[in-house]
Each structure stands twice: as structure tokens, then as C-alpha cells.
Undergrad: 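Starting off with a structure, shown below.
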Amino acid sequence: MASPRVALVTGSNKGIGFAAVRALCKQLDNGVVYLTSRNEERGKEAVAKLNQEGLKPQFHQLDIDDQTSVDRLRDYLKKTYGGLDVLINNAGIAFKAAATESFGTQATVTMATNYTSTVYVCKVLIPLVRPGGRVVNVASMAGNFAFKKLSEENKDRIRAANTEEDVALLMKEFVEIANQGDHLSKGWPNSAYGTTKLGVIAATKALAQKKQNENPKDDILIMACCPGYVDTDMSSHKGPKTPDEGADTPVYLAMLPPGSAGFNGNMYSDRALDNSW
Ligand code: NDP
């Protein structure tokens, strides 16, 4: 029997990820949608909430910072469905403006989750993505703002980063320099979070190009987006958009029909192209 279409959202027990699961449950025909959470209890409570709305997502544990957890999910999807059709990499963290940790610590911790773990999930799960599949990395406009704050030399280095490994080296350099307190004098931005999202946008371009080169006929699209400023725990509920509105662009990209090749590798905001580099 043919597998149903399988969609999965990381970090979806609350906020924008939760709303993305809700939208996918409504929009994905003949599909199964996975709500994932690093904490099983929080994940199952979130599934129960959607059940009350008449929606039926499945649950799987996923902590993107734990490679064993990511690998276990890959093995499960492979064995159960033979592949994956939609992946929204939504899980992310941000220190609050009032946080007392040093800039270096904030850079280290935020980079580990928002960049390194997100890219690890891409590397492990993208090989499962079937023809016609869509991968959406939830970045942020903060990444574009961070880009504008780079020195001209660093802008050129980011633009020239053609592989994910190139981007990873630049992100590692930023974290090292941030820990030395030299990030401003060395032409990096004063936003740890923004720099992690800048890395996600750059890695998305690189991963999309690689996939396109490897499987040019498979119509697999890998894209980045900003959900907007959204009323969630991350924004301390200051964002004007509802989580459902925040999920709109990621889900729009995840549901792009065949013939959308021009979207590959790009960054979107409010459904519109936002390649400001
Ligand atoms: P929330 O803080 O409300 O939710 C974040 C989600 O990510 C939670 O489910 C959280 O799980 C999960 N998460 C964090 N770390 C991990 C991990 N290691 N493994 C698995 N899940 C994890 O944030 P938002 O919904 O606001 O943000 C979602 C995405 O949108 C993020 O990538 C964020 O950077 C981005 N974004 C948000 C904006 C906004 O205005 N809110 C603006 C621009 C971008 P747990 O409950 O266990 O902590």
C-alpha cells in the first residue's frame, strides 16, 4: 500500500510550531502530521488540545539537540512510511533581553540549537524526503538585520559560503569571537540570535543548491522564512501576530504545488521573497 503523505514539525508543542501542525492537519489531504516535542508530556498535551478541535496529529518525541533522538525519529519514519514529505524546522530558542548570561554564553547556547541542531536535523531527515517534498526552515528577519550589521568583508564571506560546511565554519568563528568579546571589532553583529538565524538562511541556500544538484528532477524545495513578530512565549507575548498568522508563511511554503522551483533556496516573509542580501 502506498504511504500517506507525511508531514512533521519540530518544536511543535506550543507557539508557531503548534499552529503549523494545526494548519497542516487541515490542509494536508491523505496525510499524517507529526507534532513533535522534546518533552513527551508537553507533546501529548498539545496533541490532546488539537484532538479537542477534531484534528488528529500523531506524536513523536524529538529533541533536536539530542542526536540519538533525531536518529531514532529518522529510523522510525523510514521503517513506518519509507520517507517524509514535509519538514518544518521550527524549534528554536532565544534569550530574553534581560538575560544576565554573557554575550559569549548566549552565542554558544543559541548557536548550538538554532544553527547546529537545525542543520543536523536537515542532514539526517532531508535524505528521507520524497520527490515533491518541501523543507521549511523557520529563520527570522533578525537574520537579515544581522546580515546588514556585518562588515563588508564578512558580508562577502557569508555570500561566498556555498556549502553548509562553509557556513558552519563562519558560525563557529562568530561563537569563538563572541566568547573573546571581540565580535564588534571583528565585523560581526551584536545579536547572537540574529547571527544564528543568518546562519540558517545561508545554510538553507547551500542545502537547497546541493539537493538541486544531486536530484534535479525530484522537485524537492528547501526554503527559509520569517513567521513575523508573533504572540508566543519567545516574544514574551509582545508580537502582534497570532500563532496561526505566524504559521501562515511556513505552511504556505510547505504546501507549495509542483512547478514552484523558483522558491528553492530562498527566504520568505509574509509569503513574499525577502532575499535582502
Ligand atoms: P516558542 O518559544 O513559543 O516555542 C519554541 C518551540 O521550540 C517550543 O515547542 C520548544 O519546546 C521548542 N524547542 C526549543 N528547543 C528545542 C529542542 N532542542 N528540541 C525540540 N524542540 C525545541 O517560540 P515561537 O513559537 O515563537 O518560535 C518558533 C520559531 O519561530 C523559532 O525558530 C523562532 O526563532 C522563530 N521566530 C519567532 C518569532 C516570534 O516573534 N515569536 C519571530 C521570528 C522567528 P519547549 O516547550 O520544550 O521549550
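Remember, it's 1-based here, ligands and their atoms both numbered in the order they're listed. Here, residue 1 is the first one in the sequence, and each next residue gets the next number.
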Undergrad: Does ligand 1 have any atom sitting under 4.0 Å from a heavy atom of Gly228?
TA: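 Contact present.
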Undergrad: Could you tell me which atoms of ligand 1, counted from 1 in the order shown, lie closer than 4.0 angstrom to a heavy atom of Val138?
TA: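 Matching atoms, with element in brackets: 29 (C), 30 (O), 32 (O), 35 (C).
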Undergrad: Around atom 34 (O) of ligand 1, find the nearest protein heavy atom and jot down its residue, atom name and distance.
TA: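 Heavy-atom neighbour on the protein nearest atom 34 (O) of ligand 1: Tyr193 OH, 2.6 Å.
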Undergrad: Side chains of Asn90 and Ser12: is there a donor and an acceptor less than 3.5 Å apart?
TA: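 Checked: Asn90/Ser12 side chains show no N/O donor-acceptor pair below 3.5 Å.
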Undergrad: Donor-acceptor check, side chain of Lys44 to backbone of Asn39, threshold 3.5 angstrom: yes or no?
TA: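 Checking the backbone N and O of Asn39 against the side chain of Lys44, no donor-acceptor pair under 3.5 Å is found.
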Undergrad: Considering only the protein, which heavy-atom contact is closest to atom 10 (C) of ligand 1, and what is its distance?
TA: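 Checking every protein heavy atom, the shortest distance to atom 10 (C) of ligand 1 gives Asn13 OD1, 4.3 Å.
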Undergrad: Keeping Arg22 on the side-chain end and Asp244 on the backbone end, is there a donor-acceptor pair under 3.5 Å?
TA: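 No: the side chain of Arg22 does not pair with the backbone of Asp244.
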Undergrad: Could you tell me the residue and atom name of the protein heavy atom closest to atom 4 (O) of ligand 1, and the distance to it rounded to 0.1 Å?
TA: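 For atom 4 (O) of ligand 1, the nearest protein heavy atom is Lys14 CE, 3.7 Å.
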Undergrad: So is Pro243 close enough to ligand 1, meaning a heavy atom under 4.0 angstrom away?
TA: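 No; Pro243 lies far enough from ligand 1 that no heavy-atom distance drops under 4.0 Å.
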Undergrad: Is there a heavy atom in Pro227 that sits closer than 4.0 Å to ligand 1?
TA: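 The answer is yes: ligand 1 sits under 4.0 Å from a heavy atom of Pro227.
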Undergrad: Looking at every heavy atom in both Ser269 and Thr249, which two are closest together, and how far apart are they?
TA: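 Looking at all heavy atoms of both residues, the shortest contact is C-OG1, 4.4 Å.
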Undergrad: Any atoms of ligand 1 less than 4.0 Å from a non-hydrogen atom of Ile93? List them with their elements.
TA: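 In order of numbering, the contacting atoms are 14 (C), 15 (N).
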Undergrad: Please determine whether residues Tyr268 and Val86 belong to a single hydrophobic cluster, defined as Ile, Leu, Val, Met, Phe, Trp and Tyr linked transitively by side-chain heavy-atom distances below 4.5 Å.
TA: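 Linked, Tyr268 and Val86 end up in one cluster.
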Undergrad: Report yes if Arg38 has an N/O atom closer than 3.5 Å to an N/O atom of ligand 1; otherwise report no.
TA: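 Yes: some nitrogen or oxygen of Arg38 is under 3.5 Å from one in ligand 1.
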Undergrad: Identify the protein heavy atom lying closest to atom 27 (O) of ligand 1, giving its residue, its atom name and the separation to 0.1 Å.
TA: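 For atom 27 (O) of ligand 1, the nearest protein heavy atom is Ile16 CD1, 3.9 Å.
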Undergrad: Do side-chain atoms of Arg134 reach the backbone of Ile88 as a donor and acceptor pair under 3.5 angstrom?
TA: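 Looks like no, no N/O pair under 3.5 Å.
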Undergrad: When clusters are formed by joining ILVMFWY residues with side-chain heavy atoms under 4.5 Å apart, either directly or through shared neighbours, do Val230 and Val136 land in the same one?
TA: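 Different clusters.
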Undergrad: Could you see if Leu24 belongs to whatever hydrophobic cluster contains Phe18? Use Ile, Leu, Val, Met, Phe, Trp, Tyr and a side-chain cutoff under 4.5 Å.
TA: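 Yes, Leu24 connects to Phe18 through the hydrophobic network.
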Undergrad: At what distance is the nearest protein heavy atom to atom 22 (C) of ligand 1, and which residue and atom is it?
TA: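 Going by distance alone, atom 22 (C) of ligand 1 is nearest to Ala91 CB, 3.6 Å.
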Undergrad: For ligand 1, which atoms, with element, lie under 4.0 Å from some heavy atom of Tyr229?
TA: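 Answer, ordered by atom number: 40 (O).
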Undergrad: Of all the atoms in ligand 1, which lie at a distance below 4.0 Å from a heavy atom belonging to Gly92?
TA: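 Near Gly92, meaning under 4.0 Å from one of its heavy atoms, ligand 1 has 5 (C), 7 (O), 14 (C), 32 (O).
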Undergrad: For atom 31 (C) of ligand 1, state which one of Asn90, Leu35, Asn137, Val9 supplies the nearest heavy atom.
TA: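 Looking at heavy atoms only, the winner is Asn90.
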Undergrad: Side chain, backbone, both or neither: which part of Leu62 has a heavy atom under 4.0 Å from ligand 1?
TA: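 The part of Leu62 near ligand 1 is the backbone, not the side chain.
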Undergrad: Looking only at side-chain N and O atoms, does Tyr252 offer a donor or acceptor that is under 3.5 Å from a partner on Asp270?
TA: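 Per modelled atom types, Asp270 and Tyr252 side chains form no pair under 3.5 Å.
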Undergrad: Just say parallel, tilted or perpendicular for the rings of Phe174 and Trp188, cut-offs at 30° and 60°.
TA: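 Taking Trp188 first and then Phe174, their aromatic rings sit tilted (interplane angle of 30° to 60°).
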Undergrad: Could a heavy atom of Asn39 be found less than 4.0 Å from some atom of ligand 1?
TA: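 Outside the 4.0 Å threshold, so no.
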Undergrad: At under 4.0 Å between heavy atoms, which part of Lys197 makes contact with ligand 1: side chain, backbone, both or neither?
TA: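 For Lys197, the contact with ligand 1 is made by the side chain alone.
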Undergrad: What protein heavy atom sits nearest atom 41 (N) of ligand 1, and how far off is it?
TA: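 So the nearest neighbour among protein heavy atoms is Thr232 OG1, 3.2 Å.
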Undergrad: Hey, does Phe18 sit under 4.0 Å from ligand 1 if you only count heavy atoms?
TA: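 Outside the 4.0 Å threshold, so no.
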Undergrad: Students should be able to answer this: which protein heavy-atom is nearest to atom 39 (C) of ligand 1, and at what distance?
TA: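 Going by distance alone, atom 39 (C) of ligand 1 is nearest to Val230 N, 3.6 Å.
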Undergrad: Identify, for atom 6 (C) of ligand 1, the protein heavy atom at the shortest distance, and state residue, atom and that distance.
TA: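 Here the closest protein heavy atom is Gly11 O, 3.4 Å.
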Undergrad: As a quick check of understanding, evaluate salt bridge (Lys or Arg N to Asp or Glu O under 4.0 Å) for Glu164 and Lys210, giving each step before the final call.
TA: CA-CA 9 Å; Glu164 181 283 314; Lys210 180 166 183 260; over 6 Å; no
Undergrad: At under 4.0 Å between heavy atoms, is it the side chain or the backbone of Lys241 that contacts ligand 1, or both, or neither?
TA: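 The answer is neither.
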Undergrad: Between Ser37 and ligand 1, is there a nitrogen or oxygen pair with a distance under 3.5 Å?
TA: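 No - when backbone and side-chain N and O of Ser37 are compared with those of ligand 1, no distance drops under 3.5 Å.
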Undergrad: On a heavy-atom basis, which atom in Asn190 and which in Phe103 lie closest, and how many Å separate them?
TA: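 The pair with the smallest heavy-atom distance is O-CE1, 3.4 Å.
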Undergrad: Of all the atoms in ligand 1, which lie at a distance below 4.0 Å from a heavy atom belonging to Gly15?
TA: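 This gives 3 (O), 25 (O) as the contact atoms.
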Undergrad: Using the side chain to side chain contact (heavy atoms under 4.5 Å, CB included) rule, pick out the option among Thr113, Thr116, Val175, Asn114 that qualifies with Thr196.
TA: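 In the set Thr113, Thr116, Val175, Asn114, the residue that makes a side chain to side chain contact (heavy atoms under 4.5 Å, CB included) with Thr196 is Asn114.
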Undergrad: Determine, stepwise, if the pair Tyr193 / Ile93 fulfils side-chain contact (heavy atoms from CB on, under 4.5 Å).
TA: CA-CA 8 Å; Tyr193 173 81; Ile93 57 166; over 6 Å; no
